[in-house]
Amino acid sequence: MTAPHEAGTDGSSPDETADARRRKGLDMMSKVYGWEMSDGPGDFFAHTCDQVFAEVWTREGLSIRDRRLILLGALAAGGQIDVAEIQAGAALTNEELTPEQLEEIALFLCYYVGWPLGTKMNFMFGTVIANHRKNQK
């Protein structure tokens, strides 16, 4: 990764390199979430966009769907149902997962993260699926 004060390996200026990374991150965020993502202010957004999405989500070896499945499991294990809801909705919107697959994921997770957390995921998935179907009409 290029340090903020160094030029890119292609001779680009630091600003051009940072701008390209930001565009790459915003493009991936838009793909992951299924809506057009616009730039945001502050260091938190910069790290989220420029590192998490421009560097981690764009790596070869796993598809967006693969990464989302792993993320859903991690979120379930941490009880982060509200964040998992965003991921589940995006997975349906992007046609990476079907409603039936989300239901199967919830049942599967019950055995690995515990029945209470898996049940929360199941209820949340039911709400996401109902909203998705309503928006499809």
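The environment of CG in Asn135 is crowded: more than 12 heavy-atom neighbours from other residues, nucleotides or ligands sit within 6.0 Å. Annotation: Glu95, atom CD; neighbour count of heavy atoms from other residues, nucleotides and ligands within 6.0 Å does not exceed 12.
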Exercise for the section: Output, in order, the C-alpha distance, side-chain angles, deciding distance and verdict of side chain to side chain contact (heavy atoms under 4.5 Å, CB included) for Glu96 and Gln101. Expected result: CA-CA 10 Å; Glu96 297 160 357; Gln101 288 171 324; over 6 Å; no

Practice task
Apply the test side chain to side chain contact (heavy atoms under 4.5 Å, CB included) to residues Gln51 and Val56: give CA-CA distance (whole Å), side-chain angles for both, the deciding distance (0.1 Å), then the verdict.
Solution key: CA-CA 7 Å; Gln51 297 298 315; Val56 177; 5.9 Å; no

Practice task
Report the C-alpha separation of Val32 and Arg68 in whole Å, then their side-chain angles, then the decisive distance to 0.1 Å, and conclude whether the side chain to side chain contact (heavy atoms under 4.5 Å, CB included) test is met.
Solution key: CA-CA 8 Å; Val32 168; Arg68 193 176 318 274; 3.8 Å; yes

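Leu26 and Ile86 fall within a single hydrophobic cluster, where Ile, Leu, Val, Met, Phe, Trp and Tyr are joined by side-chain heavy atoms under 4.5 Å apart, directly or via other members. Leu71 and Val113 are assigned to two separate hydrophobic clusters, defined by single-linkage of ILVMFWY side chains at heavy-atom distances under 4.5 Å. At a threshold of 4.5 Å between side-chain heavy atoms, the hydrophobic network of Ile, Leu, Val, Met, Phe, Trp and Tyr places Leu69 and Phe125 in one connected group. Linking Ile, Leu, Val, Met, Phe, Trp and Tyr residues whenever their side-chain heavy atoms come within less than 4.5 Å leaves Phe44 and Phe53 in two separate clusters. With hydrophobic clusters built from ILVMFWY side chains whose heavy atoms lie under 4.5 angstrom apart, Phe45 shares a cluster with Trp35.
Although no hydrogens or angles enter the test, the distance criterion places a donor-acceptor pair under 3.5 Å between the side chain of Ser30 and the main chain of Met37. Looking at Gln87, its side chain never comes within 3.5 Å of a backbone N or O of Ala84 through a donor-acceptor pair. Side-chain atoms of Asn122 never come within 3.5 Å of backbone atoms of Glu103 as a donor-acceptor pair (strictly under, hydrogens ignored).
Side-chain contact check for Met28 versus Ile64: some heavy-atom pair is nearer than 4.5 Å. Side-chain contact between Thr17 and Arg21 is present, with heavy atoms from C-beta onward closer than 4.5 Å. With a 4.5 Å cut-off on side-chain heavy atoms, Val52 and Met29 do not count as touching. Between Ile70 and Leu62 the shortest side-chain heavy-atom distance falls below 4.5 Å. Contact of the Ile129 side chain with the Leu92 side chain is registered, since non-hydrogen atoms from C-beta on lie closer than 4.5 Å. The shortest distance between side-chain heavy atoms of Leu117 and Leu109 does not fall below 4.5 Å. Side chains of Asp50 and Lys24 form no contact here, defined as non-hydrogen atoms less than 4.5 Å apart. Using a 4.5 Å cut-off on side-chain heavy atoms (C-beta onward), Gln136 and Arg133 make no contact.
Here OG1 of Thr98 is found 9.5 Å from NE2 of His132. Values are rounded to the nearest 0.5 Å. To the nearest 0.5 angstrom, Met121 atom CE is 4.0 Å from Met124 atom CE. Of the inter-residue distances, the one linking Glu104 atom CD with Leu102 atom CG reads 11.0 Å to the nearest 0.5 angstrom. Atom-to-atom distance recorded for Asp27:CG and Cys49:SG is 9.0 Å, nearest 0.5 angstrom.
Here the closest non-hydrogen pair linking Ala88 and Val128 is C-CG1, 3.9 Å.
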